[in-house]
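In what follows, chains are A, B, ... by sequence order, proteins preceding strands, each numbered from 1.
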Number of protein chains: 2
Amino acid sequence: MSDSSPPRKRRTAGRITLNDVAREVGVSALTVSRFFNHPERVSEELRQRIGEAVSALGYVPNLVAGSLASARSRIVGMVIPNISGPIFANTIQGFSDTLSRHGYQLLLASSYFSPEQEENAVRAFLGWSPAALVVTSHFHSEGTEKLLAGTDIPVVEIWDYQPERAPIQVGFQHYDVGEMAVRHLLGKGYRRIAFVLNSAAGDFSALDRRDGYAAILEAAGLQPWNFVPSIGSAPFEAGKEAMETLMQGTPKPDAIIFANDNLAAGGLLAAQRMGLRIPDDCAVMGFGDYAFAHMLLPSLSTIRPPSLAIGEMAALRVLESLGAIATTLPVQRLNRLECQLVEREST
Amino acid sequence: MSDSSPPRKRRTAGRITLNDVAREVGVSALTVSRFFNHPERVSEELRQRIGEAVSALGYVPNLVAGSLASARSRIVGMVIPNISGPIFANTIQGFSDTLSRHGYQLLLASSYFSPEQEENAVRAFLGWSPAALVVTSHFHSEGTEKLLAGTDIPVVEIWDYQPERAPIQVGFQHYDVGEMAVRHLLGKGYRRIAFVLNSAAGDFSALDRRDGYAAILEAAGLQPWNFVPSIGSAPFEAGKEAMETLMQGTPKPDAIIFANDNLAAGGLLAAQRMGLRIPDDCAVMGFGDYAFAHMLLPSLSTIRPPSLAIGEMAALRVLESLGAIATTLPVQRLNRLECQLVEREST
DNA sequence: ACTCGTTATGTCAGCGCTAACATGCGCAGT
DNA sequence: ACTGCGCATGTTAGCGCTGACATAACGAGT
């Protein structure tokens, strides 16, 4: 009876759209679209009027629709082992800040060193057709490798530096870190150098550091000496245990390299309790240069990874790949950064 | 000549779509869509076959298209002052983990306590029609307030707890923290209690802590004693300066509350250098219970904010609001969490 | 005057998916 | 047998935006 074409129920709330702005100004929607994406192609006068209408109406561009239409988005996904740890936080910060300075958003997930969780995150991220993807290290599940290989967006692998792998690499070689620590200690005259590695860490990179340690030590004609505390979960406690066990045994080491600063801090505290003089009775080295390393007594010699720089450089490489920042040269695929040995009182 | 309807150039790469999967299985696209979003409405047999086709083809659902069509997304935006600081990292971690356990993704941005940066991030996030939005504290720009008020998605304010504000609140009252610290010190017999606040921090919450400190002290008939180090940017150095200045002056305080653990750590080190006995010559309290607080000498008494719990509870409230997890009750709007006083050697 | 190129703006279709509605089927109840 | 209901699946029409292409307006060069 009444009406031949019953109007469909509208699904969306009264959200303000490009068309609303266009109608207000008296131009086509496309011109308003250009106002946001290619402002230089809109005349000065219209730019003015559109700008006013946008803020008068409180229009917020719908990036979802835009991304669907253009098959591009300004989202970059990052999968990192953890957010709150002392190691990666700076990388995330540097990455996020550099990205957002260029109008890109960060989609973040943590994997806790689990390849499955990483794969889930990568899959979910790919659903958003992100502009690029950043993953940590090179230990991926087969599924992740397949997903990454099957996409044509830029992929960056950070923290580890593996020249033979295809994705853009931004990081350092953990092997070198072990080497750097040993050289430092050998140079200071230490000879019986132990390496303490907390088994619980899913952090495979620590194994590379230990390998570097062992290789240099053997090259110097000395014996590697690995110690794995029985306490797996709490690094601080594990570090204490390591110091106590090693320094109550015979022979004793004259230097201990801990796989990270948390372990080392535990070691220092145990040493203090045992009345040992650090570094005279035993030198201590850590890895990470965590915030507290310089506050300990004695302050901790350690190796500082380029956490922030990794995040920033990863972002730069991403932005270059996307053409968001100018480069005359092709995007650099291999980016090897330097760790820095920070010598303090404990060695 | 050749063809009456010249086929438009295809814009997208050969991405696999729902239709490809549907054709493969011999069903309609909608059935495949249901396979992902409402699997219980698809027969067991089809579920099986669709599942196989999906993994055979390596199909990854296009969440952008899905979000546009349904006007919903599984993205939640969070704007937080910083990522790498010791305070917020745990909150992000707890939030992210809880969200991702339920299939939601985290879009993250940091504001560095700048209302403008916060507003930019909120605006950009809103463009993604996120499922919910989380912001830190209640100090927003006017624009941010307008944006948040104009949306109908759940908004959660974290860290501060402001019962009179409209959004869901998950946090604690910093005022109470100041109070808690003073009560602890008064209970231990300290009477000349100073408060050290680093002016450079854009962290307004610290002001609330100081107000709580001052109020309780005055209520006890004692004089508040504020000290602002001249060094603005480096909290550790500023803490040293505060300790030196205060303990070389007359009269001296018998206890110092530092606005955060970084300042307090600097204070402890300076005290050690000056040969002061902590807590006999002067007690020291911090705020934050940063990772190193228990590793210092003497170990630092401090107040531990519920960082992780805030992140987790914020995520729970978001998920409840979205109906992603079951609740019989309406979503709790006010969530006041407890800080914990951690008594160690420095008081 | 005419062509050509450049710039500013508009028309149309469609990105990949899902809400609303429609259909068809099997089965219980009478 | 027939109605009515619930369940599995299909058809249609967009979601809000942008790409390709079209067009109009204008000045410069011949």
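- Taking the nucleotide of DNA chain D with the nearest heavy atom to each of B/Ala65 and B/Leu30, the more 5' of the two is matched to B/Leu30.
- Proximity note for A/Arg34 (side chain, C-beta onward) versus D/dC17, C/dG10, D/dT18: the nearest is C/dG10.
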Going by atom type alone, with no hydrogens or angles, which donor-acceptor pairs under 3.5 Å involve a side-chain atom of residues 101-109 of chain B and a protein atom two or more places apart or on another chain?
none

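- Looking at residues two or more places apart in sequence or on another chain, you find a side-chain hydrogen bond (donor to acceptor under 3.5 Å, both in side chains) between B/Arg165 and B/Glu145, B/Glu157.
- B/Arg23 places its CZ atom 14 Å from the P atom of D/dG10, with the value rounded to the nearest Å.
- Under the 4.0 Å criterion applied to side-chain N and carboxylate O atoms, A/Glu320 and A/Arg317 are assigned as salt-bridge partners.
- When the side chain to side chain contact (heavy atoms under 4.5 Å, CB included) test is applied to A/Leu30, the partners found at least two apart in sequence or on another chain are A/Ser28, A/Ser33, A/Arg34.
- Note on A/Val27: only backbone sugar-phosphate atoms sit closer than 4.0 angstrom, heavy atoms only; bases stay farther off.
- Between B/Trp159 and B/Phe88, the two ring planes are perpendicular [angle over 60°; tilted spans 30° to 60°].
- Atom CG of B/Asn62 and atom C1' of C/dG16 are 6 Å apart (whole Å).
- Within the structure, every side-chain polar atom (N or O) of A/Tyr59 is placed at least 4.0 Å from both OP1 and OP2 of D/dG16.
- Atom P of nucleotide D/dG16 and atom CG of B/Leu126 are separated by 15 Å, given to the nearest angstrom.
- Closest to the side chain of A/Thr31, out of C/dT9, C/dG16, D/dG10, is C/dT9.
- No hydrogens or angles were tested; on distance alone, nothing pairs the side chain of A/Arg72 with the base of D/dG19 as donor and acceptor under 3.5 Å.
- Under the salt bridge (Lys or Arg N to Asp or Glu O under 4.0 Å) criterion, the residue pairs touching residues 118-136 of chain A are A/Glu119-A/Arg123, with sequence neighbours excluded.
- The side chain to side chain contact (heavy atoms under 4.5 Å, CB included) check on A/Phe139 picks up A/Ser137, A/Asp160, A/Phe204, with sequence neighbours excluded.
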Checklist outcome for this item: Each base of DNA chain D marked ( ) or [ ] if paired in-strand (Watson-Crick or G-U under 3.5 Å), | if paired to another strand and . if unpaired gives ||||||||||||||||||||||||||||||

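- Distance B/Trp128 CH2 to D/dC17 C1': 12 Å, rounded to the nearest Å.
- In this structure, B/Asn19 places its CG atom 12 Å from P of D/dG10, rounding to the nearest Å.
- Counting heavy atoms from C-beta on, the side chains of B/Ser110 and A/Asp97 come closer than 4.5 Å.
- Residue B/Ser28 places at least one side-chain N or O closer than 4.0 Å to OP1 or OP2 of D/dG10.
- Near-neighbour residues of DNA chain C inside residues 36-53 of chain A, defined by a heavy atom below 4.0 Å, number-ordered: A/Val42, A/Ser43, A/Leu46.
- Atom CG of A/Leu68 and atom C1' of D/dG19 are 12 Å apart (whole Å).
- Taking B/Glu44 as the reference, B/Arg47 meet the salt bridge (Lys or Arg N to Asp or Glu O under 4.0 Å) condition, with sequence neighbours excluded.
- Between the CD1 atom of B/Ile16 and the P atom of C/dC15 there is a distance of 16 Å, rounded to whole Å.
- Applying the side-chain hydrogen bond (donor to acceptor under 3.5 Å, both in side chains) test to B/Glu24 and every residue at least two apart in sequence or in another chain returns nothing.
- Contact between the side-chain N/O atoms of B/Ser33 and the OP1/OP2 oxygens of C/dC17 is not found at any separation under 4.0 Å.
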